[in-house]
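By convention here, the first residue in the shown sequence is residue 1.
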Amino acid sequence: MESKKILLIAQEMTPYTAECAMSQIGHKLPVAISELGYDVRPFMPRWGSINERRNQLHEVIRLSGMNIVIDDTDHPLIIKVASLQGTRMQVYFIDSDDYFNKRLMTLDANGEEYADNMERAVFYARGVLETVKKLRWVPDVIHCIGWMSAVVPLYVKTAYSDEPTCHDTKVVFTPYGKMPYSKPAENFMASVAFRSADRALLESTGIDFSQPEALRQLAALYCDGYVKSFKADNPELFEFAKTHGKAVLELAPDAKIGEAYSDFYQQLCAGK
């Protein structure tokens with residue numbers, strides 16, 4: 001792989017979020033593959049629980065200011081950055097007064113699902129892709145981790161497929177954990193629909209969009225590679241990805257993270 005550029009679209013990352021399997025991989029993976037010589041740019045949501053002063057986040061004015069329209073409503077995009085502790089790597093944060101500011105992750109303080117979790121995922125996906133366009137940085141691989149990034153594979157292969165940043169890019173999806181809702185919101189299709197990723201295309205997938213797994217099935221359908229983690233994975237989703245001919249990586253508990261993912265990335269890119 002010539003340019004060795006990896007766009008990591010994470011959902012959680014230590015030390016910015018509480019430590020768990022997903023936040024650990026969100027931190028360990030970019031560090032490990034960066035040490036192997038890859039140019040890595042990690043993104044994550046600016047959850048309301050992140051202390052900006054402690055973590056030294058600051059807004060990037062030249063990247064902020066765009067409006068993203070979701071279900072006919074404008075939402076201003078705010079981009080912030082911070083240096084990952086102990087490294088020279090910058091982490092980009094997608095922020096929004098509507099979707100992230102003063103709000104927790106998937107559940108509110110009372111343990112209730114946020115009714116607009118689907119819209120938040122769409123805003124995050126489009127926010128990342130629009131920011132990468134502004135950066136004029138073309139990744140070889142886009143690695144999506146967690147449900148919050150699950151709309152990205154669809155957009156890369158459809159709505160953004162003619163963009164230089166996505167035209168010849170391979171997409172990897174690692175699900176991790178459970179979906180943040182008992183069923184998709186009623187405006188699921190209206191929220192996701194953008195450019196060529198319209199209602200007709202969504203309906204043609206054959207996915208039952210009344211089911212909780214619909215969003216991650218969409219990611220498994222449009223990604224190039226699927227990673228089966230050894231923690232909190234969904235066997236049915238893994239079989240769904242294999243049935244649709246996706247390259248798969250079954251990550252063993254004792255696997256060396258950097259080497260395993262590097263080999264997988266290069267396998268996917270070998271056919272470019």
Side-chain angles (χ1 to χ4, degrees), residues 6-34 40-51 55 57 82 84-87 89 91-95 99-100 103-108 111 113-114 117-118 120-125 127-128 141-153 171-181 212-220 223 225-238 240-241 248-258 260-261 264-265:
I6 310 296
L7 170 60
L8 183 72
I9 308 180
Q11 180 172 316
E12 303 179 33
M13 182 186 298
T14 54
Y16 307 111
T17 58
E19 192 164 306
C20 65
M22 192 188 307
S23 66
Q24 287 176 339
I25 196 67
H27 178 106
K28 290 179 180 178
L29 178 56
V31 172
I33 56 177
S34 175
V40 189
R41 300 207 179 181
F43 278 73
M44 68 171 292
R46 208 291 292 174
W47 304 112
S49 56
I50 296 174
N51 186 306
N55 292 291
L57 272 67
L84 187 62
Q85 295 176 11
T87 74
M89 188 181 303
V91 179
Y92 293 79
F93 294 83
I94 298 296
D95 200 359
Y99 290 128
F100 298 116
R103 299 177 65 182
L104 302 178
M105 293 196 285
T106 59
L107 306 175
D108 65 19
E113 302 168 1
Y114 286 112
N117 272 335
M118 181 65 248
R120 299 169 85 200
V122 170
F123 181 88
Y124 179 49
V128 172
V141 175
I142 298 175
H143 191 156
C144 308
I145 301 178
W147 70 269
M148 180 59 83
S149 66
V151 191
V152 173
V171 186
V172 176
F173 178 59
T174 308
Y176 269 109
K178 299 179 179 179
M179 289 306 298
Y181 47 65
E213 279 296 336
L215 182 58
R216 295 199 299 188
Q217 285 182 343
L218 202 59
C223 71
Y226 181 102
V227 178
K228 181 179 184 293
S229 61
F230 59 91
K231 291 184 179 180
D233 201 5
N234 181 315
E236 290 80 14
L237 192 61
F238 179 56
F240 180 89
V248 296
L249 170 62
E250 296 188 63
L251 200 62
D254 59 349
K256 292 183 178 180
I257 297 297
Y261 280 99
F264 193 52
Y265 295 156

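- Take F240 and apply the ring pair (Phe, Tyr, Trp, His ring centres under 6.0 Å) test, not counting sequence neighbours, and it matches H244.
- Listed by chain and residue number, Q24 satisfy the side chain to side chain donor-acceptor pair (under 3.5 Å) test with E19 (two or more places apart in sequence, or in another chain).
- For the atom pair CD (E250) and CZ (F238), the distance works out to 3.5 Å, reported to the nearest 0.5 Å.
- Once rounded to the nearest 0.5 Å, the distance linking CG of L8 with CD1 of I6 reads 9.0 Å.
- Among all heavy-atom pairs drawn from P42 and P30, the shortest one is CG-CB, 4.1 Å.
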### Task
Start with the C-alpha distance between F123 and I94, add both sets of side-chain angles, then the distance that settles side-chain contact (heavy atoms from CB on, under 4.5 Å), and finish with yes or no.
CA-CA 9 Å; F123 181 88; I94 298 296; 3.8 Å; yes
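- Although no hydrogens or angles enter the test, the distance criterion places no donor-acceptor pair under 3.5 Å between the side chain of S23 and the main chain of E12.
- Residues meeting the salt bridge (Lys or Arg N to Asp or Glu O under 4.0 Å) test with R120, sequence neighbours left out: none.
- Taken to the nearest 0.5 Å, the CG atom of L215 stands 8.5 Å off from the OG atom of S149.
- Partners of R103 according to the side chain to side chain donor-acceptor pair (under 3.5 Å) rule, which considers only residues two or more places apart in sequence or in another chain, are D116.
- Here the OG1-NE2 distance, from T17 to H27, works out to 11.0 Å after rounding to the nearest 0.5 Å.
- Partners of H143 under the ring pair (Phe, Tyr, Trp, His ring centres under 6.0 Å) rule, at least two apart in sequence or in another chain, are Y261, Y265.
- In this structure, Y124 contributes its side chain and V151 its backbone to no donor-acceptor pair below 3.5 Å.
- A125 approaches V152 most closely through the heavy-atom pair CB-CG2, 3.6 Å.
- At least one side-chain heavy atom of M44 sits less than 4.5 Å from a side-chain heavy atom of Y16.
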### Task
Begin from the C-alpha positions of F93 and F100 and carry the test ring pair (Phe, Tyr, Trp, His ring centres under 6.0 Å) through to its verdict.
CA-CA 10 Å; F93 294 83; F100 298 116; over 10 Å; no
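- In this structure, L251 and I257 have side chains that are in contact, with non-hydrogen atoms separated by less than 4.5 Å.
- Contacts of Y99 classified as side chain to side chain donor-acceptor pair (under 3.5 Å), with partners at least two apart in sequence or in another chain: H75, E119.
- Residues L84 and P15 meet the side-chain proximity criterion, which asks for heavy atoms closer than 4.5 Å.
- Rounding to the nearest 0.5 Å gives a distance of 12.0 Å between CD1 of I9 and CE of M148.
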Evaluate side-chain contact (heavy atoms from CB on, under 4.5 Å) for L29 paired with I145, printing each intermediate quantity in order.
CA-CA 11 Å; L29 178 56; I145 301 178; 4.1 Å; yes
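- Contact between D108 and L104 at its shortest, heavy atoms only, is C-CD1, 3.9 Å.
- What you find for A10 and P45 is that their closest heavy atoms are O-CD, 3.5 Å.
- The two atoms that bring Y176 and I25 nearest to each other are CE1-CG2, 3.6 Å, heavy atoms only.
- In this structure, OG1 on T106 lies 8.5 Å from OH on Y114, to the nearest 0.5 angstrom.
- The heavy-atom pair separating A150 from A219 by the smallest distance is O-CB, 3.3 Å.
- When the options L249, T174, L237 are evaluated for a side-chain contact (heavy atoms from CB on, under 4.5 Å) with Y226, the one that passes is L237.
- Side-chain atoms of W47 come within 3.5 Å of backbone N or O of Q11 as a donor-acceptor pair.
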